[in-house]
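Input: a single structure, listed below in structure tokens.
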Amino acid sequence: MSTSPARRSRDVPTLVQRAREGDPRAVARLVTLVENDDPLLPEVARALARYTGQAQILGLTGAPGVGKSTLTNELVRALRAEGRRVGVLAVDPSSPYTGGAILGDRVRMQDHATDDGVYIRSMSSRGHLGGLAAATPQAVRVLEGAGCDVVIIETVGVGQAEVEVARLADTTLVLLAPGMGDAIQAVKAGILEVADVFVVNKADRDGADATHRDIQGMIALGERSAGQWRPQVVRSVAALGEGIDEIMAAIGKHRAWLSEHGQLQARREHRATVEVEEIALGTLRARIGSLRHGTALPGLAAKVAAGLLDPYTAADDLLTSLDQPGGAA
């Protein structure tokens, strides 16, 4: 028997309460609503709002094969040793042909599968660029609302343009590994510019010293004003649990700097600005998309095609019509 919309609506407070009590199924259900862009999502967001904004958000990014999932596993272990509840959102790439995804990051985190203080969720990017899924920001809110003290976001691992995580995280860790490229890679714009902490992982391999030196040189070449954060560079062998204390110390140092310089609140306000903007733009795109079934857009397009109207004026007319009662038909 299907559940009526009214019944489902009444279930949202129950789901949120169960999630607050640590029920992983309730958390999973809420994240699924987010991923599916369910009509209940605004109600979910309203119910969670008063519980959000307190968790520490860590972003973990880097090229495929540098050990992101292994390091995430060790960071979770260290955070749990401090008694902190941890949520992990591991984003995996989806196929451009079938849309499917192998959500395999959780396989490397089986050490925490039975820990009630850890929630791990793999998410498909569903074609979204930038290393995250479109639903990631709202999924973070769900984990915050569920009482996670720290939320770790592990990105897809696609390359130098994977910088979206920096807009979402309080602290962004960029992982590198020996043998992933020469010194030129260390000065390219993009992913290396968003790091608050660089981690040279697999530091027991040949070339680790050169990689560490290249990153230090890149940082030295960068221009920064007095008091500006200087990215930390640490080494680790995550597979052996080595260097984790140093990484945790670098994260703690950056968080202290953010608080001391008023940047923690600034970052969170910027994150909220982007989030609200994306939701508004998504709503606007949906409204514009619906115009294809009306007469306003086809009529304006016909005039542009005939040379009777320029496309900028047509776009202005279309936006004006959206503001009118009933929108554009």
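Just so you know, residue 1 is the first one in the sequence shown, and it goes up from there.
- By the 4.5 Å heavy-atom criterion applied to side chains, Leu60 and Leu175 are counted as neighbours.
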Assess whether side-chain contact (heavy atoms from CB on, under 4.5 Å) is satisfied between Leu300 and Leu309, documenting all intermediate values. CA-CA 8 Å; Leu300 289 169; Leu309 193 66; 3.8 Å; yes
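- Listed here is the closest heavy atom pair of Leu89 and Ala139: CD1-CB, 3.8 Å.
- By the 4.5 Å heavy-atom criterion applied to side chains, Thr136 and Val91 are counted as neighbours.
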Take Val44 and Leu33 through the side-chain contact (heavy atoms from CB on, under 4.5 Å) test and state the conclusion after the steps. CA-CA 9 Å; Val44 170; Leu33 292 176; 4.0 Å; yes
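- Among residues at least two apart or in separate chains, side chain to side chain donor-acceptor pair (under 3.5 Å) pairs with a member in residues 271-282 are Gln138-Glu275, Arg141-Glu275, Asp170-Arg271.
- A side chain to side chain donor-acceptor pair (under 3.5 Å) with Gln265 is found for exactly one of Glu269, Arg268, Gln263, namely Glu269.
- For the side-chain contact (heavy atoms from CB on, under 4.5 Å) with Leu40, the qualifying choice from Asp11, Val12, Val34 is Val12, the only one to do so.
- Taking both residues in full, the closest heavy atoms of Pro231 and Ile219 are given as O-CD1, 3.6 Å, listed atom of the first, atom of the second, then distance.
- The closest side-chain heavy-atom distance from Val118 to Ile120 is below 4.5 Å.
- The distance from atom OG1 of Thr61 to atom CD1 of Ile153, rounded to the nearest 0.5 Å, is 10.5 Å.
- Nearest heavy-atom pair, Leu264 versus Ser259, reported as atom, atom and distance to 0.1 Å: CD2-OG, 3.9 Å.
- Of the charged side-chain nitrogens involved, at least one lies within less than 4.0 Å of a carboxylate oxygen, so that Arg267 and Asp196 count as a salt-bridged pair.
- Between His254 and Gln232, every side-chain heavy-atom pair lies at or beyond the 4.5 Å cut-off.
- Between Ala238 and Glu74, the shortest heavy-atom distance links the atoms O-CG, 3.4 Å.
- Using modelled atom types and a 3.5 Å distance limit, the side chains of Thr72 and Arg77 yield no donor-acceptor pair.
- In this structure, the side chains of Leu176 and Val199 stay at 4.5 Å or more apart for every pair of heavy atoms.
- Within the hydrophobic cluster formed by Ile, Leu, Val, Met, Phe, Trp and Tyr side chains joined at under 4.5 Å, directly or through other members, Val237 is accompanied by Leu240.
- In this structure a side-chain-to-backbone donor-acceptor pair under 3.5 Å is present from Asp23 to Arg25.
- Looking at every heavy atom in both residues, Pro42 comes nearest to Asp38 through CD-O, 4.3 Å.
- One hydrophobic cluster holds both Val88 and Met248 under the rule that ILVMFWY side chains link at heavy-atom gaps under 4.5 Å.
- Using a 3.5 Å distance cut-off with no hydrogens or angles, the side chains of Asp310 and Thr313 do pair a donor with an acceptor.
- Taking the side chain as every heavy atom from C-beta outward, Ile247 and Leu71 approach each other to under 4.5 Å.
- Side-chain atoms of Asn201 come within 3.5 Å of backbone N or O of Val66 as a donor-acceptor pair.
- Under the 4.5 Å side-chain contact rule for hydrophobic residues, Ile279 and Leu30 do not share a cluster.
- In this structure, the side chains of Leu58 and Gln56 come closer than 4.5 Å at one or more pairs of heavy atoms.
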Sequence neighbours left out, cut at 3.5 Å: what donor-acceptor pairs do the side chains of residues 142-150 make with other protein atoms?
{"from": "Glu144", "atom 1": "OE2", "to": "Gly53", "atom 2": "N", "distance (Å)": "3.1"}
{"from": "Glu144", "atom 1": "OE2", "to": "Ala55", "atom 2": "N", "distance (Å)": "3.4"}
{"from": "Asp149", "atom 1": "OD2", "to": "Arg85", "atom 2": "N", "distance (Å)": "2.8"}

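- Between the side chain of Lys68 and the main chain of Gly62, a donor-acceptor pair closer than 3.5 Å is present.
- To the nearest 0.5 angstrom, His212 atom NE2 is 11.0 Å from Asp214 atom CG.
- Not one N or O on the side chain of Lys202 forms a donor-acceptor pair closer than 3.5 Å with the backbone of Ala208.
- Residues Leu258 and Ile251 fall into different hydrophobic clusters, defined by Ile, Leu, Val, Met, Phe, Trp and Tyr side chains chained together at heavy-atom separations under 4.5 Å.
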Run Val174 and Val197 through side-chain contact (heavy atoms from CB on, under 4.5 Å) and show every step you take. CA-CA 6 Å; Val174 172; Val197 178; over 6 Å; no
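- The number of heavy atoms from other shown groups lying within 6.0 Å of CD (Gln54) does not exceed 12.
- If you check the side chains of Ser236 and Glu246, you find no donor sitting under 3.5 Å from an acceptor.
- Closest approach of Trp257 to Trp229, counting heavy atoms only: CZ2-N, 3.3 Å.
- A salt bridge links Arg235 and Asp209; the closest N-O separation between the charged side-chain nitrogens and carboxylate oxygens is under 4.0 Å.
- Within the 3.5 Å criterion, the main-chain N or O of Ala49 finds a donor-acceptor partner in the side chain of Thr52.
- Within the model, atoms CD of Glu154 and CG of Leu173 stand 11.5 Å from one another, a figure rounded to the nearest 0.5 Å.
- Between Arg18 and Leu15, the closest side-chain pair of non-hydrogen atoms falls below 4.5 Å.
- Within the model, atoms CD of Glu35 and OG1 of Thr32 stand 6.0 Å from one another, a figure rounded to the nearest 0.5 Å.
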